[in-house]
Each structure stands twice: as C-alpha cells, then as structure tokens.
Amino acid sequence: MNLVERKELEPGKVMLKFKGDRETMKVGESSSAQVGSVFFALFQMREGGTTFTLFGKPTYMGREVCTDHDGTLFQCEGNDLKSLLQVPANMTGRAESETIRGVISELAMEQP
C-alpha cells in the first residue's frame, strides 16, 4: 500500500488515503483486470485523545468501486464503476474488511 493523499479536513482532523494492487483477475476469454484496494484513515484530535477511523473498499483497474457506505468523507472517484463496467461480482470488500480487522487486532495487542 502506498500513501497517495494526505488531506487536512480541518484543524486537528487529518485523512490519509492508501492505495495498492492485490491481484490480476481474468476477465472474459482473453483479457485481465487489476484489482486492488483503497483505505482511508481518519485521525481526529479530541479532548483526552485522538479518534481513529478506518474505511476500505476495492478498486478495479485503479479506480474505486462506489459502495452504499461511502458517505461524505469517503466518496468514490467519479461514477459508480459497477454500473459502467463488468466489475467482478466477488469484489465485495471482504478483503478490505479482513485487513482492517487485522490492523485493529494488532493495535489492540499494543495496548499496555
């Protein structure tokens, strides 16, 4: 994963965007497509500490697949690829969920 964007949304509120490829999938008889992931990490300073929010979703040919959970902070790029392209049905976000679960588990192990 590579850091592709760092944005200060407001003082004390920063969003980092990470993107990377994870596999090449066969599409049809003679073509392939690159499938990857995008992750957003939102840090917000509050009295007594910092909150940390993670959000991830699949990418197809380098572009984010829109989901029903994008909201206002994690908007997808442009149009909904699922309606424009033949995006493989197995791009459910499961791989991204498992990655986030792993990160949270690792962070929990670091607690004193």
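Since we're looking at a predicted model, the values are computed, not measured.
- Under the side chain to side chain contact (heavy atoms under 4.5 Å, CB included) criterion, S105 pairs with no residue at all, not counting sequence neighbours.
- There is no path of hydrophobic side-chain contacts, each under 4.5 Å, that joins V4 to L9.
- Annotation: side chain of L42 is not in contact with side chain of F55 (no heavy-atom distance under 4.5 Å).
- The two residues R46 and T51 come nearest to each other via the heavy atoms NE-CG2, 3.4 Å.
- Atom NZ of K19 is separated from atom OG1 of T59 by 6.5 Å, given to the nearest 0.5 angstrom.
- At a threshold of 4.5 Å between non-hydrogen side-chain atoms, the residues V38 and K17 count as touching.
- Side-chain contact between D21 and V35: absent, with no pair of heavy atoms (C-beta onward) separated by less than 4.5 Å.
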Taking it one step at a time, do F43 and K13 satisfy side chain to side chain contact (heavy atoms under 4.5 Å, CB included)?
CA-CA 6 Å; F43 298 88; K13 188 175 185 179; over 6 Å; no
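- By the side chain to side chain donor-acceptor pair (under 3.5 Å) test, T24 is found to be paired with Q34, residues two or more places apart in sequence or in another chain being considered.
- Contact of the E64 side chain with the K57 side chain is registered, since non-hydrogen atoms from C-beta on lie closer than 4.5 Å.
- Every residue was checked against the side chain to side chain donor-acceptor pair (under 3.5 Å) condition with R6, not counting sequence neighbours, and none meets it.
- Hydrophobic cluster membership is shared by M1 and L107, with clusters built from Ile, Leu, Val, Met, Phe, Trp and Tyr side chains linked at under 4.5 angstrom.
- F39 has its side chain within reach of T99: a pair of non-hydrogen atoms, C-beta onward, lies under 4.5 Å apart.
- If you chain together hydrophobic residues whose side chains sit under 4.5 Å apart, F52 and L3 fall into the same group.
- Scored by the side chain to side chain donor-acceptor pair (under 3.5 Å) test, R22 finds S37, E96 as partners (sequence neighbours excluded).
- Of all non-hydrogen atoms in K7 and E5, the two that sit nearest each other are CE-OE2, 2.9 Å.
- Applying the side chain to side chain contact (heavy atoms under 4.5 Å, CB included) rule to E98 yields the partners R94, R101; only residues at least two apart in sequence or on another chain are considered.
- Remark: F18 pairs with no residue by the ring-ring contact (aromatic ring centres under 6.0 Å, His included) rule, at least two apart or across chains.
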